Amino acid sequence: MTQTEAGTGVPAAHEPERDGERYDAHALQEKWLPVWDELKPFRSGEPGDTRPKKYVLDMFPYPSGDLHMGHAEAYALGDVIARYWLQRGFDVMHPIGWDAFGLPAENAAIKRGLDPRAWTYDNIAQQRASMRRYACSFDWDRVLHTSDPEYYKWNQWLFLKLYERGLAYRKDSLVNWDPVDQTVLANEQVMPDGTSERSGAKVVKKKLTQWYFRITEYADRLLDDLDTLEGTWPSKVISMQRNWIGRSSGAEVEFAIEGREQPVTVYTTRPDTLHGATFMVVAADSDLAEELAADAEPAVRAAFEEYRTQVQETSEIDRLATDREKTGVPLGRFAVNPVNGERLPIWAADYVLADYGTGAIMAVPAHDQRDLDFARAFGLPVRVVVDVRDAEGNALPDPAESGTATAGDGVLVNSGELDGLDKAAGVAKAIELLQAAGKGRAAKNYRLRDWLISRQRYWGTPIPIVHTDSGEVPVPEDQLPVLLPPSEGLNLTPKGTSPLGAAEDWVNVPSPVDGTPARRDPDTMDTFVDSSWYFLRFVSPEDDTQPFDRDLIAQWGPIDQYVGGVTHAILHLLYARFITKVLHDMGYLPFDEPFARLLNQGMVLMEGSAMSKSKGNIVRLSDQLDEHGVDAVRLTMSFAGPPEDDIDWADVSPSGSAKFLGRAWRLARDVTSERGADPTAGDAALRAVTHRSVHEITQHVEAYRFNVAVARLMELVNATRKAIDSADVGPADPAVREATEAVAVVLSLFAPYAAEDMWSLLGHEPAVARAGWPVVDESLLVQETVTCVVQVKGKVRDRLEVAPDITEDALRELALASEKVQAAIGGAELRTVVVRAPKLVNIVPGPGVRPARPSPPSRAGPPRRSGSRGTGSAAPAGSRASSARCAGRRASPSTGPRPEPRGPAGR
RNA sequence: GCCCCGGUAGCCCAACCGGCAGAGGCAAUCGACUCAAACUCGAUCCAGUGUGGGUUCGAAUCCCACCCGGGGCACCA
């Protein structure tokens, strides 16, 4: 088998060694790592390189210690893809970096008195060494750490760009507040009972001013463009993003409020049920509720204040429990239904969310379960305006009695002009009428909220804003980066405000506008900002004039293949898509989706559950590597199952992988033919297996069925072993060399060390990674004969060896001629004969219209039933087959055009 | 509650457009090699595809219902 020319001239410095008689994984690691360090086979984007480009990216790691089994799986799979495209002759960019800002560094600093910077970079050094040993095919000339000022400078640049466009803004928001520790808590730090994980105190909501990115402005595009990812992204991720964005459509309706100049706007998906509204509810924690209560009677106001306090002390988790009792207080105020002028009492309740829609709803208890629950709890009226029927057409029971709202489709009643319409028509008509009356309009809403990026933490990117007496001032671009001050002397313990606020020298600066005293914004950015654009930086990681080289990103982007865990299915991928679209809109990028193709690898489990300290089921990667070697662990990751499935380490066998690698390696050890031996002179049967295997492996790798590709490779190894050990082929046969070279190249995707050593044993120079993918000779794929199954009533009764292009009629005749078939039919009449040439005939006897025929004479060459095989090959048919025939299996001479026999069933 | 995936041998997994249920591996058993063991090599064992219907000449594959497992969203009006 010839190799493609993808391998470029690499220094010829290493003599092939034939000293090893035994496969020794660890010795091979020692032997080849320094060679690769020198050759750098994975450098990409060299000037003058004319190979077509591929950008393969693994999600970069957080440096929280050494690599673990999860990393090992992700990088093994990403490597298969990157190495495959390299073998196929592409200029593959496969970079790596570190998501190096974030809380664990800071927690280590607080707990153990370490410097976050030192802790982070020590871990990076360790991970980097592990990746090298793990033989990751990274381009080590493209590396970034988000905690480097050279990187986070561009985070700040990005922030300023968003700020200029009005996409970064500051607003007050409610956060989880621990009143004992005086600190903000993440949602994850709030226990299910609403107490603080840290102090045990009851967590309350507190208002803080925070920075946001206006991702909601892109909600429609983020949702609609998911359609373009259909088929190249896992459908699971697409549906998770759709859920997360959560677009709904309906109408905004304006309700006049008695004693208030401005109307209140509510959002509803069911404007058709407007006539069924019997009250209005505003979110208890909204400004609107406070305002309405302020003008109410003192008793009402007092009740409201008490209720609101109670709501604020309720944890988010409690509040979201769906089976909670409905609570609320009346505000003593009234709204006017714009369609019928009815007075509706206004209530404050916590089942309405302040930050969704307008924070106020119209309640239609008959047709909304939540409103019905509320109405029943407080004795509010229920009015049916939709006649909803069950499947049999019976009217559903009255919600007021049954307690079950009828939310389905039906005919509108008691609804004035809308009467008689169904849901869709009713919605459309209602919107039309509202619009005409100036009381409402069609509207959309999203579950997606703006992205809160402020963190009151030290180890992150400082927000490039300075606060002056006259407001917030962006730091001019030419003054970036705003450097993070040293952590010495700062108390990093969380206290609700950023530790940077205490760095007096740092925080107090003159205003960039007029030099008056000002203070830096003490917050740092969410680390998701860092990771939302890092993939762009890899094209020019050293560039200190711009975040990324625009020409280069146009050449390389978008990323051809992104690989990472499904844990980032929503936030990271959504943020990255958002920032990409923003940069596209600003003219920096020619594409507006960053990741053309996405692969989510599964997790590595141990005995059915995720590895964790508390479960005590942690498998240490370093132990596995010491025990089985890098190659065996990598191969196990690929072979365990489909890449997106979880791997239970207890179910797989790295020692089995190591055994296979030994088998493969020994092939190369045993080959005795010289490099360059002409494979066409070799054993034809083995050649057919080789080419068919490579053909299938190629298809499986491209379809990311790595486990099946490895299985095919194992078959090829087994077949080659048999050939070597057989008397009539033997180790000197050029076909054996061809097969073994193919094994080495294919194996280089999965087990680089063994593959490199095989390549060397076969007399080639490193690196096998750039040897070039084996070229399949199509003519060797053509099957001379195929096995045709003959069924009688769906049961297999006989097998025929037939030409692949046999006609239906000929095959029918052959099948009916079979003694076994005739015995099975037993003289019964034939009803149907289904022929699917060349693989299958199904004969259905029965009281059909077609008469049974006696065995027709066999006019169509000399077919052989499988039972009587041995004297020769089956009838060749057609010229293609004869051209593909090879020595050793010389066909019978009865070639030539065959008469087309009439089928026994006639026409 | 709504939505999405998945159930094939003791285990991990294959099976193209509906066409012989088995490619590969693990484990187990037996045999060869060995003084013995390990390694290696060879062989054997094992399911009728979660359950019940339907469509079809023919269903692991398509349709319906259900069971089990996993995941996402969830007081979002």
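The model shown is predicted, which means the values in this text are computed figures rather than measured ones. So you know, we letter chains A, B, ... as the sequences are listed, proteins then strands, and number each from 1.
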- Item | CA sep, side-chain torsions, deciding dist, call: A:R308, A:D285, salt bridge (charged side-chain N to carboxylate O under 4.0 Å, His left out) | CA-CA 6 Å; A:R308 190 182 56 176; A:D285 52 354; over 6 Å; no
- Query: What nucleotide, of B:C75, B:G19, B:C26, holds the atom closest to the side chain of A:S653?
  - Reply: B:C26
- Message: The side chain of A:N842 is closest to which nucleotide in this list: B:C75, B:A77, B:G58?
- Response: B:G58
Short heteroatom pairs, N/O only, protein and nucleotides 14-16 of chain B, under 3.5 Å:
{"from": "B:A14", "atom 1": "OP1", "to": "A:N707", "atom 2": "ND2", "distance (Å)": "3.3"}

Please list, for nucleotides 40-44 of chain B, all pairs of protein and nucleotide N/O atoms separated by less than 3.5 Å.
{"from": "B:U40", "atom 1": "O3'", "to": "A:R666", "atom 2": "NH2", "distance (Å)": "3.4"}
{"from": "B:C41", "atom 1": "OP1", "to": "A:R663", "atom 2": "NH1", "distance (Å)": "2.3"}

- Message: Measure CG/A:N243 against P/B:C4 and give the value in whole Å, please.
- Response: 10 Å
- Item | Spacing of A:W665 atom CH2 relative to B:C39 atom P, expressed in whole Å | 17 Å
Angle class for the [X]/[Y] ring planes (parallel below 30°, perpendicular above 60°, tilted otherwise)?
| X | Y | value |
| --- | --- | --- |
| A:H572 | A:H568 | perpendicular |
| A:F374 | A:W347 | perpendicular |
| A:F750 | A:F706 | perpendicular |

- Item | Chi-angle category of B:G48 [syn within 90° of 0, anti beyond] | syn
- Message: Anti or syn, where syn is a glycosidic angle within 90° of 0; which label fits B:C64?
- Response: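 Anti, angle beyond 90° from zero.
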- Between A:K722 and A:E715, does a salt bridge (charged side-chain N to carboxylate O under 4.0 Å, His left out) hold up when you go through it step by step? CA-CA 11 Å; A:K722 275 209 175 83; A:E715 286 180 87; over 6 Å; no
- Task: Check whether the side chains of A:Q699 and A:R705 place a donor and an acceptor atom closer than 3.5 Å, and report yes or no.
- Result: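 No - no donor-acceptor pair under 3.5 Å links their side chains.
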- Strictly by modelled atom types, are A:S248 and A:T269 linked by a side-chain donor-acceptor pair under 3.5 Å? no
- Within 45° of the ring axis of A:Y351 and under 6.0 Å from its six-membered ring centre, is that where the NZ or CZ of A:K326 lies? yes
- B:A36 pairs with which nucleotide, Watson-Crick or G-U wobble, both distances below 3.5 Å?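 The base-pairing partner of B:A36, which may sit in any strand shown, does not exist here.
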- Taking any strand in view, what nucleotide pairs with B:G19 in a Watson-Crick or G-U wobble way, both distances under 3.5 Å? B:C57
- Using the C1' atom as the reference point in each nucleotide, state the distance between B:C13 and B:U8 in Å, no decimals.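 Roughly 9 Å separates the two C1' atoms.
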- Would you mind classifying the nucleic acid contact of A:S239 as base, sugar-phosphate or nothing, using non-hydrogen atoms under 4.0 angstrom?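 Nothing: the residue A:S239, judged by heavy atoms under 4.0 Å, touches no strand.
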- Task: May I ask you to say what A:R449 touches in the nucleic acid, namely base, sugar-phosphate or nothing, with a heavy-atom cut-off under 4.0 Å?
- Result: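 Base: the residue A:R449, judged by heavy atoms under 4.0 Å, touches a nucleobase.
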